[in-house]
Amino acid sequence: MVFDLFKSRRRARLRSSPTPPAWRRILEHNLDVFNRLSPEDQNELLDHTKIFLAEKHFEGAGGLALTDEIKVTIAAQACLLLLHRDTDYYPELTSIIVYPSGYTAVEERPIGGGVWSDAAEDRLGHTAQRLRALVLAWDAVRHGAAAPSDGENLVLHEFAHQLDFENQRTDGTPALERHGDYRSWARVMSAEFEALRDAAYAGTPTLLDTYGATDPAEFFAVITEAFFERPRAMRKLHPALFDQLQRFYQQDPTIYSAEPVAT
Ligand SMILES: [Zn+2]
């Protein structure tokens, strides 16, 4: 626990250090939602951003030269998921790798009969528990930060996966605050996941991206995007889901959302 004490002292020192004024200007310009948060939440987000940037390693790839603009725009979106919560800072994650735009990943995949083959896939972002890294395309990050209510946000999606990893399993269930919370979480999530699978199969239009029907881990990432980007529609169409996420994320994005008021 000596290490934890050292860590929490270092974080307290970082929190009380002054925020570079340029960071606030970057967020006011790039991150639409930042301008909608209360002054208290803006300050809390900047404090989290300071700690995040001090603790995580950033790397430019594909010829991208990293700037404060890139790092701060990514870090603040990641930290929106930490606001108001008594939480660690993505302990399963060491590095963030940023490409200028979409990139092609080559991965070994089983093709049956014990044979593996290289498969190429175009991606905007990716993370996996064993990697301890998270990969993002900067143009998609910037677009997501500027478009707060189109229902999609690459950074929120990938960092929701990181929250899922915190309890050591990639199962769509992050570490909930109280033991008693798991029962209602599981009940609501399995019903909503089944409903999304049915809608995906039937081709019914849905608020939630049907990519979330892939598996429970993708489901958690997709509902996180919708909770922050389309909270009013989610509260109306999926009230039990909204309630679970509001409890987990300790915030109500309907208060600051740019989403048109549901009629
Ligand atoms: Zn995903």
Side-chain angles (χ1 to χ4, degrees), residues 52 56 61 73-82 87 89-99 101-110 119-145 147-176 185-186 188-190 192-197 199-201 206-231 234 238 241 244-245 248-249 253:
F52 185 97
K56 303 303 175 194
T73 304
I74 291 170
Q77 290 181 85
C79 292
L80 188 63
L81 302 184
L82 308 182
T87 171
Y89 291 82
Y90 302 107
E92 301 296 308
L93 177 69
T94 309
S95 304
I96 294 124
I97 299 157
V98 193
Y99 282 86
S101 56
Y103 59 97
T104 305
V106 179
E107 222 177 41
E108 286 211 315
R109 294 226 182 106
E121 189 182 86
D122 293 331
R123 287 179 177 161
L124 296 175
H126 180 67
T127 192
Q129 188 155 16
R130 67 185 184 282
L131 284 181
R132 301 198 64 83
L134 192 150
V135 189
L136 295 165
W138 168 233
D139 60 356
V141 168
R142 202 166 37 182
H143 172 78
S149 47
D150 64 358
E152 291 177 8
N153 185 294
L154 176 67
V155 178
L156 299 185
H157 181 104
E158 299 302 339
F159 278 90
H161 283 314
Q162 283 293 326
L163 293 178
D164 184 11
F165 301 158
E166 281 184 30
N167 59 354
Q168 304 306 318
R169 278 195 307 268
T170 307
D171 57 0
T173 305
L176 303 180
W185 176 277
V188 171
M189 294 302 153
S190 47
E192 292 279 354
F193 179 63
E194 285 310 315
L196 188 62
R197 290 194 94 147
Y201 185 71
T206 49
L207 171 70
L208 305 171
D209 186 338
T210 51
Y211 182 63
T214 309
D215 58 41
E218 293 307 336
F219 181 72
F220 177 62
V222 161
I223 60 176
T224 293
E225 289 178 86
F227 177 70
F228 285 95
E229 296 251 327
R230 304 291 313 277
M234 183 188 272
H238 303 267
L241 187 61
Q244 290 295 322
L245 291 174
F248 174 67
Y249 282 117

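Remember, it's 1-based here, ligands and their atoms both numbered in the order they're listed.
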H238 side chain reached by L208 side chain, heavy atoms, under 4.5 Å: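 SC-SC contact between L208 and H238 confirmed.
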Derivation and outcome, side chain to side chain contact (heavy atoms under 4.5 Å, CB included), residues L81 and Y90: CA-CA 10 Å; L81 302 184; Y90 302 107; 3.5 Å; yes
Flag for Q129-H161: side-chain donor and acceptor within less than 3.5 Å: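 Side-chain D/A pair, H161 to Q129: absent.
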Which atom of E218 approaches the Zn ion (ligand 1) most closely (N/O/S):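 Going by distance to the Zn ion (ligand 1), the closest N, O or S atom in E218 is OE1.
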Aromatic plane relationship, F227 with Y249 - under 30° parallel, 30 to 60° tilted, over 60° perpendicular: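 Taking F227 first and then Y249, their aromatic rings lie parallel (interplane angle under 30°).
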N, O or S atom of H126 closer to the Zn ion (ligand 1) than 2.8 Å: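 No, outside the cut-off.
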Angle in degrees, rounded to 10°, that NE2 of H161 and NE2 of H157 form at the Zn ion (ligand 1):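 That angle works out to 100° after rounding to 10°.
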